[in-house]
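Here is the structure we will look at, set down as structure tokens.
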Amino acid sequence: MTLPELMELAQTLPAACTESPFGPESVCVRIGPHGRIFASFMPMPGWVSFKCEPNRGMDWRQQYPGTVRRGWHCPPVQQPYNNTLTMDGTVPDEVLRQMLFHSYDCALDSLSRTAREAVVGSLRPYAADDEALVQSWIPNEETYWRWSAGSVGQWPLAPGMFNDRMAQFPLGHPMIWLWQGRPAGFVVAFPQKDREHGIRFGYVVTDPALRGQGLGKRMMACAVYHARKQLKAESLHLSVYQNNPAALRCYESNGFIRDENVPLRMDTCMGQKWPCQAMIR
């Protein structure tokens, strides 16, 4: 991965904004127009700086000595919380991605609750009387299959069907996502059966009236934050149909990659074979 490619990836993260507050020789990417900087690029001489937790940052410095060092631009007291690396090809692409998304997480963590909710919204528990609203966000049969893999029941959905389905998951955490104070999406966080401290997301949907604004990425960023901070998740999992490219891009922008340890699954949906891939972060 080149520095321009890494910069392009950083700009796809939820609520990412790019500016040059320190002059034209640097490019900074922050969360929201007034949020924390999580990536600082110096095209000449080919450096990038990321935020990091001190222990994680030290691990990377020890693993890639000379290439990864304490943040060059920071005063000594802040250097343990920042790493600067030279884009010389030493650090593998997957580790670069880990550094980038870890930095994003650190920047999101550092925001106040009000500032964080302004850029990624908030979550509240799902209630039985939310059912009609959530089902109204499933406008057709194709969306229904992409959303649920047919697990809720027969299409079209009838009152009570989704609540009955949620009742089958006593350990699940169904949540309504709030954007600017109004319900705008839904997601469930389940324990990952084969992974201790793993969380699986499912039944992800946003209000179709709000699509095209990048809000799906923000909702997933909010869900990821909740899973890490409230559910103490150490790994995150989900599955997505390959014929849903918008969802794939949304998940990739939140750090999910294909889980190579899980084979591609073929589901029969609407009389067709749909490939479903597992993703992990």
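Proximity of L236 to F256: side-chain heavy atoms (C-beta onward) are separated by under 4.5 Å at one or more points. Between D93 and E5 there is no side-chain heavy-atom pair separated by less than 4.5 Å. Here the side chains of I31 and R36 are not in contact, with every heavy-atom distance at 4.5 Å or above. Two residues are said to be in side-chain contact when any heavy atoms from C-beta on lie closer than 4.5 Å; D105 and F38 fail this criterion. Two residues are said to be in side-chain contact when any heavy atoms from C-beta on lie closer than 4.5 Å; V134 and Y203 fail this criterion. With contacts defined as side-chain heavy-atom distances shorter than 4.5 Å, the pair D109/R228 qualifies. Looking at heavy atoms from C-beta onward, V91 lies out of side-chain contact with M1 at the 4.5 angstrom threshold. Side-chain contact check for L13 versus S253: every heavy-atom pair is 4.5 Å or farther apart.
For R69 and W47, the positive end sits near the middle of the six-membered ring, less than 6.0 Å away and at most 45° from its axis.
N83 contributes no side-chain N or O that, together with a main-chain N or O of V68, makes up a donor-acceptor pair within less than 3.5 Å. For the pair D88 (side chain) and T90 (backbone), a donor-acceptor distance under 3.5 Å is present. A side-chain donor-acceptor contact under 3.5 Å links R30 to the backbone of G35. The backbone N or O of L111 sits less than 3.5 Å from a side-chain atom of R116, completing a donor-acceptor pair. A donor-acceptor pair under 3.5 Å is formed between the side chain of K217 and the backbone N or O of T12. Looking at S20, its side chain does come within 3.5 Å of a backbone N or O of S26 through a donor-acceptor pair. At distances below 3.5 Å, at least one donor-acceptor pair connects side-chain atoms of R281 with backbone N or O atoms of N254. When atom types are taken as modelled, the side chain of Y81 and the backbone of C106 share no donor-acceptor pair closer than 3.5 angstrom.
Checked against the 6.0 Å centroid criterion, the rings of F50 and W60 do not qualify as a close aromatic pair. In this structure, F186 has its ring center at least 6.0 angstrom away from the ring center of W177.
The two atoms that bring G160 and E131 nearest to each other are N-OE1, 2.9 Å, heavy atoms only. P208 approaches W137 most closely through the heavy-atom pair CD-CD1, 3.7 Å. Considering every non-hydrogen atom in both S103 and K51, the closest pair reads OG-N, 2.8 Å. Residues T206 and G216 share a closest heavy-atom pair of CG2-CA, 4.1 Å. Residues P92 and Y64 approach most closely at CD-OH, 3.3 Å, considering heavy atoms. Between F41 and V29 the shortest heavy-atom distance is CE1-CG2, 3.9 Å.
At most 12 non-hydrogen atoms from other residues, nucleotides or ligands lie less than 6.0 angstrom from CD of E196. R165 CZ: more than 12 foreign heavy atoms inside a 6.0 Å radius.
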Determine whether D259 and R195 satisfy the following criterion, salt bridge (charged side-chain N to carboxylate O under 4.0 Å, His left out), listing intermediate values before the conclusion. CA-CA 13 Å; D259 189 344; R195 196 77 170 260; 5.4 Å; no
